[in-house]
S.K.: 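Have a look at this one before I ask anything.
Lettering of chains follows the sequences in order, A, B, ..., and the numbering in each one begins at 1. These numbers come from the heavy atoms of this one structure, side chains and all, not from hydrogens, waters or symmetry mates.
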Amino acid sequence: MNFSNTLIHWYLQNKRDLPWRNTVNPYQIWLSEIMLQQTRVAQGLPYFLKFIDRFPTVFDLANADEQEVLKLWQGLGYYSRARNLHKTSQIVALNFEGKFPDNYNDLLELKGIGEYTAAAIASFAYNENVPVVDGNVFRVLSRYFNIETDIASSGAKKEFTALAKELLPDGKTNLFNQAIMEFGALQCVPKNPNCENCVLNSSCLALKFKKVSDLPIKLKKTKVQKRFFNYLIFKDAIGNTILQKRTQKGIWHNLYEFSLIETLDETSDLEVMELIERQNFIKNQIENIKLLNPIKINHKLSHQHLSVSFWEVQVEGKIENGIDYKSALNFPFPIVIYNFISKNWK
DNA sequence: AACGCGGGGTA
DNA sequence: TACCCAGCGTT
């Protein structure tokens with residue numbers, strides 16, 4: 001049996017039972033694909049179920065506020081996906097009468113749908129003859145065919161797409177695309193794959209040449225920036241606080257946070273306290289300042305490492321436009337903030 | 001063509 | 001720690 005049919009055969013015996021595999025509804029397939037961009041199935045699955053429950057159709061999603069969409073997306077990361085998801089739902093609902101484009105090229109026009117996602121939707125929902133190339137496909141193909149192209153290089157996508165297209169079995173694009181990705185996720189995993197027990201081990205070139213752990217080749221390294229966040233949880237006489245929306249470019253766009261003092265390095269608690277007293281965030285007089293987490297919270301993003309402190313700042317009187325705890329919980333937060341307040345703020 | 005964008009799992 | 005995950009949009 002050849003490569004493609006072996007994969008399909010393996011897939012039919014080993015595939016996970018996932019809700020978006022039991023449908024050809026392009027709305028559900030689209031939703032799952034957006035959520036699974038750079039995201040593991042285990043992490044995305046609960047969000048998919050929440051979204052389908054709250055937004056059963058593209059019209060329900062289109063009619064929602066962005067803030068509610070972001071709230072449901074809270075914790076999943078890469079929040080531009082949620083904003084683009086919402087925008088695209090409105091295009092589909094209003095301009096296309098709720099019907100998703102039914103081919104690769106038209107899908108590509110939509111916000112948040114790139115080459116991979118367009119191919120995924122086109123093949124899964126419409127069985128169009130287009131190959132998917134994601135991280136799994138790069139890994140499986142580079143190993144099986146011993147391809148040393150740097151997968152982070154500009155030409156790699158074209159090269160692997162062409163190869164994947166050659167491998168598509170007639171009329172079974174849907175199955176093959178699912179199969180090669182599932183194979184990469186379950187069998188041909190990044191580290192220490194179980195090659196002894198693999199349906200392709202007799203013909204895999206990486207295994208033959210003992211290069212499994214060297215492939216795929218990826219040269220680009222991400223460099224990490226360190227940042228130091230001090231969040232001020234103001235509290236007035238009736239327990240209200242201040243929240244603000246992150247409208248600037250950068251991380252957590254359109255999510256909410258407390259008043260923020262960012263310092264360039266590991267500033268001492270005493271110095272931060274002085275900064276809080278000097279900076280006039282609100283008119284109210286400060287009564288008391290208390291550091292809530294003497295041990296800094298380290299929150300790691302893929303490209304930034306954050307050291308986060310939370311300060312309770314008691315002020316006199318009532319804060320203008322203050323917000324109470326119960327209302328605050330309805331806002332979408334970065335998960336590091338949400339985890340802290342849900343644990344430490346009553 | 002290179003970079004910014006989350007959060008969590010794995011070794 | 002370092003790397004990876006059903007990548008995309010911007011510059």
S.K.: Is the shortest distance from a Lys or Arg side-chain nitrogen in D65(A) or K71(A) to a carboxylate oxygen in the other one below 4.0 Å?
M.R.: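 Looking at K71(A) together with D65(A), the answer is no, because their closest N to O distance does not fall below 4.0 Å.
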S.K.: Using a 4.0 Å cut-off to any heavy atom of chain A, which nucleotides of DNA chain C are the first and last in contact, reading 5' to 3'?
M.R.: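 Taking any atom under 4.0 Å from a heavy atom of chain A, the span is dT1(C) to dT11(C).
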S.K.: Rounded to whole angstrom, note down the P distance from dG6(B) over to dT10(C).
M.R.: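 Here dG6(B) and dT10(C) have their P atoms 14 Å from each other.
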S.K.: Could you check whether E287(A) pairs with K235(A) (Lys NZ or Arg NE/NH1/NH2 to Asp/Glu carboxylate O, under 4.0 Å)?
M.R.: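 Result for this pair is no, no salt bridge flagged.
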S.K.: Where do K296(A) and S309(A) come nearest, in terms of heavy atoms and distance?
M.R.: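 Taking every non-hydrogen atom into account, CD-OG, 2.9 Å.
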S.K.: Measure CG/L255(A) against C1'/dG7(B) and give the value in whole Å, please.
M.R.: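 It is 13 Å, rounded to the nearest whole Å.
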S.K.: Which other residues belong to the hydrophobic cluster containing V189(A), where Ile, Leu, Val, Met, Phe, Trp and Tyr are joined when side-chain heavy atoms lie under 4.5 Å apart, directly or via other members?
M.R.: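 None, because no other hydrophobic side chain comes under 4.5 Å of this residue.
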S.K.: So, are E68(A) and R54(A) salt-bridged, with charged N and O less than 4.0 Å apart?
M.R.: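 Judged by the 4.0 Å cut-off on N to carboxylate O distance, E68(A) and R54(A) do form a salt bridge.
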S.K.: Distance check needed: dG7(B) P versus L36(A) CG, whole Å only.
M.R.: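 These atoms are roughly 17 Å apart.
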S.K.: Please list, by residue number, the residues of residues 205-217 of chain A whose heavy atoms come closer than 4.0 Å to an atom of DNA chain C; answer none if no residue qualifies.
M.R.: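 Close to the strand, none.
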S.K.: Select from K249(A) and L18(A) the residue whose nearest nucleotide in DNA chain C is closer to the 5' end of that strand.
M.R.: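 Final value for this comparison: L18(A).
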S.K.: Grab the CE-C1' distance between M35(A) and dG8(B) for me, whole Å please.
M.R.: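 Taking atom C1' of dG8(B) as the reference, CE of M35(A) is at 16 Å.
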S.K.: In the hydrophobic clustering that connects Ile, Leu, Val, Met, Phe, Trp and Tyr at side-chain heavy-atom distances below 4.5 Å, which members other than I238(A) occupy its cluster, ordered by chain and number?
M.R.: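 None; I238(A) is a cluster of one.
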S.K.: Rounded to whole Å, how long is the line connecting atom CD1 of I297(A) with atom P of dG7(B)?
M.R.: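 In whole Å, dG7(B) P and I297(A) CD1 are 13 Å from each other.
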S.K.: Connecting only ILVMFWY residues whose side-chain heavy atoms lie within less than 4.5 Å of each other, what is the rest of L207(A)'s hydrophobic cluster?
M.R.: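 Grouped by the 4.5 Å side-chain rule, V212(A) form the rest of the cluster around L207(A).
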S.K.: So what does N84(A) touch, heavy atoms closer than 4.0 Å: a base, only the sugar-phosphate, or nothing?
M.R.: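 Sugar-phosphate: the residue N84(A), judged by heavy atoms under 4.0 Å, touches backbone atoms but no base.
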S.K.: Linking Ile, Leu, Val, Met, Phe, Trp and Tyr by side-chain heavy atoms under 4.5 Å, what else ends up with F281(A)?
M.R.: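 ILVMFWY cluster around F281(A) also holds L232(A), F234(A), I242(A), I261(A), V272(A), M273(A), L275(A), I276(A), I282(A), I286(A), I289(A), L291(A), W311(A), V313(A), V315(A), I319(A).
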S.K.: Pick the P atom in dA11(B) and in dA6(C), then give their distance to the nearest Å.
M.R.: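 Comparing P positions in dA11(B) and dA6(C) gives a spacing of 14 Å.
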S.K.: Does E148(A) form a salt bridge (Lys or Arg N to Asp or Glu O under 4.0 Å) with K211(A)? I'd like the steps, not just the answer.
M.R.: CA-CA 10 Å; E148(A) 297 185 319; K211(A) 290 169 65 182; 2.5 Å; yes
S.K.: Could you list the donor-acceptor pairs under 3.5 angstrom formed by side chains in residues 106-113 of chain A, with sequence neighbours left out?
M.R.:
from: D106(A); atom 1: OD2; to: N103(A); atom 2: ND2; distance (Å): 2.8

S.K.: Assess whether ring pair (Phe, Tyr, Trp, His ring centres under 6.0 Å) is satisfied between Y79(A) and W252(A), documenting all intermediate values.
M.R.: CA-CA 7 Å; Y79(A) 296 93; W252(A) 301 334; 8.1 Å; no
S.K.: Is F48(A) reachable from F100(A) through a run of I, L, V, M, F, W or Y residues, each pair having side-chain heavy atoms under 4.5 Å apart?
M.R.: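 Yes; tracing contacts between hydrophobic side chains, which count when under 4.5 Å, links both residues.
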S.K.: Could you tell me how far apart L76(A) (CG) and dG8(B) (P) are, to the nearest whole angstrom?
M.R.: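 Result: 10 Å.
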S.K.: Could you check which residues of residues 105-117 of chain A get a heavy atom under 4.0 Å from DNA chain C? Sort them by number, please.
M.R.: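 Going residue by residue through residues 105-117 of chain A, the ones with a heavy atom under 4.0 Å of DNA chain C turn out to be L110(A), K111(A), G112(A), I113(A), G114(A), E115(A), Y116(A), T117(A).
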S.K.: Holding to ring pair (Phe, Tyr, Trp, His ring centres under 6.0 Å), I want the full list of residues that pass it with W10(A), two or more places apart in sequence or in another chain.
M.R.: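 Scan of W10(A) (ring pair (Phe, Tyr, Trp, His ring centres under 6.0 Å), adjacent residues dropped) gives F183(A).
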S.K.: For W20(A), which contact category applies under a 4.0 Å heavy-atom criterion: base, sugar-phosphate, or nothing?
M.R.: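 It contacts base atoms.
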S.K.: Please list, for nucleotides 1-4 of chain B, all pairs of protein and nucleotide N/O atoms separated by less than 3.5 Å.
M.R.:
from: dA1(B); atom 1: OP2; to: S154(A); atom 2: OG; distance (Å): 3.4

S.K.: Counting any heavy atom closer than 4.0 Å, what does H253(A) reach on the DNA or RNA strands: base, sugar-phosphate only, or nothing?
M.R.: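 It contacts nothing in the nucleic acid.
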S.K.: Please report the distance, rounded to the nearest Å, between CH2 in W73(A) and P in dG6(B).
M.R.: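 Roughly 12 Å, once rounded to whole Å.
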S.K.: Distances under 3.5 Å only, N/O to N/O: pair up the protein atoms with those of nucleotides 9-11 of chain B.
M.R.:
from: dA11(B); atom 1: O3'; to: N192(A); atom 2: ND2; distance (Å): 2.8

S.K.: For the backbone of D265(A) and the side chain of T267(A), can you confirm whether one donor and one acceptor N or O come within less than 3.5 Å of each other?
M.R.: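 It does hold such a pair.
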S.K.: Determine the interatomic distance between P on dC3(C) and the same-named atom on dC3(B); round to the nearest Å.
M.R.: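 One P to the other, the span is 16 Å.
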S.K.: Find the distance between CG (N344(A)) and CD1 (I233(A)) and round it off to the nearest 0.5 Å.
M.R.: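 If I round to the nearest 0.5 Å, the distance is 8.0 Å.
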S.K.: Starting from C1' on dG7(B), measure out to CH2 on W252(A) and report it in whole angstrom.
M.R.: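 The distance from CH2 of W252(A) to C1' of dG7(B) comes to 11 Å, rounded to the nearest Å.
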S.K.: If you look at every strand shown and take non-hydrogen atoms under 4.0 Å, does R21(A) touch a base, only sugar-phosphate, or nothing?
M.R.: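 Base, at least one base heavy atom under 4.0 Å.
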S.K.: Report yes if a donor N or O on one partner sits less than 3.5 Å from an acceptor N or O on the other, where the partners are the side chain of T39(A) and the base of dG6(B); otherwise report no.
M.R.: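 Yes.
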S.K.: Is there any ring-ring contact (aromatic ring centres under 6.0 Å, His included) pair reaching into residues 187-222 of chain A, and which pairs are they, with sequence neighbours excluded?
M.R.: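 Every pair satisfying ring-ring contact (aromatic ring centres under 6.0 Å, His included) with a residue in residues 187-222 of chain A: there are none.
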S.K.: Do Q43(A) and dG8(B) share a donor-acceptor pair, side chain to base, under 3.5 Å?
M.R.: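 Flag unset: no donor-acceptor pair detected.
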S.K.: I'd like to know if R227(A) pairs up with E262(A) as an ion pair, taking the criterion as any Lys NZ or Arg NE/NH1/NH2 lying under 4.0 Å from an Asp or Glu carboxylate oxygen.
M.R.: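 The answer is yes: the pair qualifies as a salt bridge.
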